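What follows is one structure encoded as structure tokens, with my remarks underneath.
What you see is a predicted model; the values in this text were computed from it and never measured. Numbering of ligands and ligand atoms starts at 1, following listing order. The figures here come from the full heavy-atom set of this structure, side chains too, leaving out hydrogens, waters and symmetry mates.
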Amino acid sequence: MHPGAGGPPAATLRAVSTEERTPRGLGDIITTARPFDEYRAMFDLTEDELLAGPILDCPGGAGDFGEGVRAMGGTVISVDPVYGTPLEDFLEAARRDTHTGNRYVIEHPHLYVMGFFHDTDDHLARRLAGLERFAAGFRGPGPFHVAASLPHLPFPDGHVRLALSAHLMFTYPDHLDRNTHLASLRELLRVASEEVRVFPLLDTTLQRVPYFDDLLAQLAADGVRAEIRRVPYEWQRGADEMLVLRHG
Ligand SMILES: C[S@@+](CC[C@H](N)C(=O)[O-])C[C@H]1O[C@@H](n2cnc3c(N)ncnc32)[C@H](O)[C@@H]1O
């Protein structure tokens, strides 16, 4: 472990401050519990890709993706700042957040497409089931669960083969500003020897951040190849694409 390895000093970066924030959509960052099959679909992951080498999942939230991959014989390191809080507090908050997320879907039906989930009850039940599987596997911070925050990951360069990041970047632009997005993408690229995948590319009101193309231009200048790839999963309406980044 190399705390803070490779990232620029925190003082040069900032998240959007509370005063500057214009809450939009879901508002606060919630801790979600997406089940393994949902994760696999939204990142369009084949069995070979799941088993080809260590995977970083940041933020890991309270979902059971890591448990699912470990059951297949693979390795996932999940990173989330919430893993630094006492387990019962964090699980209680995640259960509450799962209900908050479900309520947001019920109140904003035009923003969602039924299909992966049959209806809002199915959404709640499968997310809660994922959370309980996560809870059964989580025994506090350790080799598979690391408490840390983007844009600084406590890993050496190329520590994992593939880095996944879901429902933080691009989802909460009222919490993370442009520079934090750029620094976070660079940090994920630093720790991933082969590839970074980010999903979704829209926020909770289905908008794309206005500086999206600018971020890709900055990464291209770093020598990073970017591809926007369609995935076989749509839950937020129209959010069926992921960003794939590879070292040039
Ligand atoms: C909506 S959840 C997404 C979890 C999971 N990736 C998913 O798709 O279900 C957002 C998570 O981001 C975490 N988070 C907030 N700020 C973060 C940061 N700076 N770096 C990493 N994770 C962060 C929160 O603790 C929360 O668990």
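- In this structure, Arg197 pairs ionically with Glu195, as a charged nitrogen and a carboxylate oxygen lie closer than 4.0 Å.
- Ion pair Arg127/Glu38 flagged as a salt bridge, since at least one NZ, NE, NH1 or NH2 atom sits closer than 4.0 Å to an Asp/Glu carboxylate oxygen.
- Heavy-atom proximity to atom 8 (O) of ligand 1, evaluated over Glu187, His167, His175, is greatest for His167.
- With respect to atom 22 (N) of ligand 1, the closest heavy atom belonging to the protein is Pro81 CD, 3.2 Å.
- Here the shortest heavy-atom distance to atom 15 (C) of ligand 1, taken over Thr171, Leu168, Asp97, Thr204, belongs to Leu168.
- Annotation: Ala166 places an N or O atom under 3.5 Å from an N or O atom of ligand 1; distance criterion only.
- Closest to atom 27 (O) of ligand 1, if we only count protein heavy atoms, is Asp80 OD2, 2.7 Å.
- The backbone N or O of Ile30 sits nowhere less than 3.5 Å from a side-chain atom of Asp28 that would complete a donor-acceptor pair.
- With respect to the salt-bridge test (charged N to carboxylate O, under 4.0 angstrom), the residues Arg186 and Asp222 qualify.
- When only interatomic distances are considered, the shortest N/O to N/O separation between Tyr172 and ligand 1 does not fall below 3.5 Å.
- Between the side chains of Thr100 and Asp97, not a single donor N or O lies within less than 3.5 Å of an accepting N or O.
- Residue, atom and distance of the protein heavy atom nearest to atom 4 (C) of ligand 1 are Thr32 OG1, 3.4 Å.
- For ligand 1, the atoms sitting less than 4.0 Å from at least one non-hydrogen atom of Val82 are 25 (O), numbered in the order shown with element in parentheses.
- Counting protein heavy atoms only, atom 7 (C) of ligand 1 is closest to Arg34 NH1, 3.3 Å.
- With salt bridges taken as basic N to acidic carboxylate O contacts below 4.0 Å, none links Glu47 and Arg40.
- Both Phe117 and Phe36 belong to a common hydrophobic cluster when Ile, Leu, Val, Met, Phe, Trp and Tyr are linked at side-chain heavy-atom distances under 4.5 angstrom.
- The distance criterion of under 3.5 Å between nitrogen or oxygen atoms is met by Pro59 with respect to ligand 1.
- Considering backbone and side-chain atoms together, Ser149 places no N or O closer than 3.5 Å to any N or O of ligand 1.
- Summary of contacts: the protein heavy atom closest to atom 10 (C) of ligand 1 is Ile30 O, 3.3 Å.
- Under a 3.5 Å cut-off, the side chain of His181 and the backbone N or O of Met169 do not form any donor-acceptor pair.
- Considering backbone and side-chain atoms together, Tyr39 places an N or O closer than 3.5 Å to an N or O of ligand 1.
- Between Glu234 and the choices Arg237, Arg230, Gln236, the side chain to side chain contact (heavy atoms under 4.5 Å, CB included) rule is met once, by Arg237.
- For Phe138 and Phe90, the ring centers sit closer than 6.0 Å to each other.
- Contacts between Ile29 and ligand 1, counted as non-hydrogen atom pairs separated by less than 4.0 Å, involve the side chain only.
- With Leu150, Thr85, Val79, Asp57 as candidates, the residue nearest to atom 18 (C) of ligand 1 on a non-hydrogen basis is Leu150.
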